[in-house]
Amino acid sequence: MKEKLEILKHKIAEAELGGGKKRIDDQHKKGKLTARERIHFLMDEGSFEELGMFVTHRTHDFGMHKEQYLGDGVITGYGTINGRMVYVYSQDFTVFGGSLSEAHATKICRIMDLAMENGAPVIGLNDSGGARIQEGVVSLGGYADIFYRNTLASGVVPQISAIMGPCAGGAVYSPAITDFIMMVENTSYMFVTGPNVVKTVTHEEVSSEDLGGAMTHAVKSGVTHFTALNEIDCINQLKKLITYIPQNCEEPAPVYAYEHRDETLKGIENIIPENPNQPYDIKEIISRVIDTDSFYEVHKNFAENIVVGFARLGGRSIGIVANQPAVLAGVLDIKASVKGARFVRFCDAFNIPLLVFEDVPGFMPGTDQEWNGIIMNGAKLLYAFCEATVPRVTVITRKAYGGAYDVMNSKHIGADMNFAWPCAEIAVMGAKGAAEIIFKKEITTAEDKEAKLKEKELEYLQKFANPYGAAARGYIDEVIKPEDTRMKLLKTFAMLQNKTVKAPKKKHGNIPL
Ligand code: HXC
């Protein structure tokens, strides 16, 4: 037995060394942790149980049978983060560049199956050169096996992808199907084809960083939801993210203790400028209303005219969707609509109530928006809100104009409660545009056209630039003092806690993609 235990000990030591000391040193020199170090920092101490430590690849081509590494370039297993079960895979760049072989893929699929069967999140730590080139189609099949499971698991258990190195070729599509992507600045990138292929096909010269680095995907494409300064920051953010979300679609998100405070928000109304055309930062309002320091913004650098993110209210998770008057006056354009829609659908899939702050002048006009499909893309946000069955509350802080009034979680599309501040303006369009259309004849025939326009503009403003027309019809449940907002929301979400809605029977809807 002693001898056999020695063999086991040696095999474990061999597996733990991955691709060897030199390659580990190279990894460190690039400012990257190894796959095992990442797991060590991510999981509760001593909680990680590794599965498939001795799995090896089965390839003989290109002399591969002479190069075997225990684990075959991915560490898989389960354990806890702050006491909650998660399933994890961590690709080991020191073994064939973390590339995906048949065996490597089977290991990932196994933990995804376990996560589905047991209802817990999957976290993937990606650091891979893509398909194992020596294996050919077998490796492609392995990717497809993962994509299939990603899709089946979507909406059942949360799936989170951290990109901590290269992520090239079809490898990007597994993260793309998962719920959240987090990229590490300067050491990670994602693209379907790298700079060399780009140069050959389109004659563009571009660096890996510009083509698919963390900030490129955070600002331009919106592919990544979060960026991290370094790997430790990334791991800490992963831990933070899962505090807001439940284990699976049948459970509520965890509830945290919070200290009761004076719930009145003295002076919050002063954030709104006297002039309705002046901007203000909606995040100032968000941070006053929610539990102290509880906002975790998603897609912070992308489509900043809409703000989305997780927060806590009375210790419970909520998802916030808010127009941002400080950027493009908070207008809804294609990117903002898609960003909002995806977040709404995640929250709805995982039982996270939605809180909307509305100050929106409408949808963005123009050929660029029309030709790129603002109709279909705006409809995504509309559809996402319409189908959401979680508790849904809206606070109109100022403008609610046009179709955007309907779209931004109005009661007509299933919101449970709509509040408005006294400065709210709820109308089909801005007063000037409205006056120019409906009083066109009176204005053009008047001798003093400018004065007539001003007069009619004022008339429209007085009639509609307030919340009382909507309140008279019950579209707005209550016009509230801004300082009471938090108190009202605490009561409202508590009242809606047991909300159940039976959606009509269907296979699945057909969101305008
Ligand atoms: C096998 C690979 C590999 C791969 C890297 N390696 N990628 N082995 N299959 N795909 C190995 C290298 O041979 C090397 O082995 C080690 O990993 C480290 O690679 P380096 O090139 O030395 O590292 P670095 O300079 O940091 O460059 C990393 C890299 C580069 C940018 C990822 O290796 C690269 O471009 N690899 C190929 C990427 C690629 O085209 N993948 C296929 C994409 S197509 P040694 O022994 O020297 O340590 C795809 C299809 C999926 O993925 C389709 C799904 C639908």
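What you see is a predicted model, and the numbers here were worked out from it, not measured in a lab. Whatever order the structure lists them in is the order used to number ligands and atoms, beginning at 1.
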Nearest 0.5 Å please: distance from the CD atom of E231 over to the NZ atom of K32.
->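 If we round to the nearest 0.5 Å, E231:CD and K32:NZ are 7.0 Å apart.
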With hydrogens left out, which residues have an atom under 4.0 Å from ligand 1, given that only heavy atoms count?
->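 Lining ligand 1 at under 4.0 Å, by heavy atoms, one finds R23, K30, F93, F96, G97, S99, G129, G130, A131, R132, I133, Q134, L140, Y143, F147, P166, A168, G170, Y189.
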State which residue, out of V86, N82, I123, I235, fulfils the side chain to side chain contact (heavy atoms under 4.5 Å, CB included) condition with M43.
->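 By the side chain to side chain contact (heavy atoms under 4.5 Å, CB included) criterion, M43 pairs with just one of V86, N82, I123, I235: V86.
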Which class fits the ring pair Y189 and F191: parallel under 30°, tilted 30 to 60°, perpendicular over 60°?
->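 Ring orientation, 0 to 90° scale: parallel.
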Only pairs at least two apart or in different chains count here, so list each side chain to side chain donor-acceptor pair (under 3.5 Å) that has a residue in residues 357-371.
->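 The answer is Y280-D359, D359-R398, D368-N372.
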Residues in side chain to side chain donor-acceptor pair (under 3.5 Å) contact with K9, at least two apart in sequence or another chain |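 K9: no side chain to side chain donor-acceptor pair (under 3.5 Å) contacts found.
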Partners passing side chain to side chain donor-acceptor pair (under 3.5 Å) against T224 (at least two apart in sequence or in another chain) |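 Per chain and number, T224 pairs via side chain to side chain donor-acceptor pair (under 3.5 Å) with no residue.
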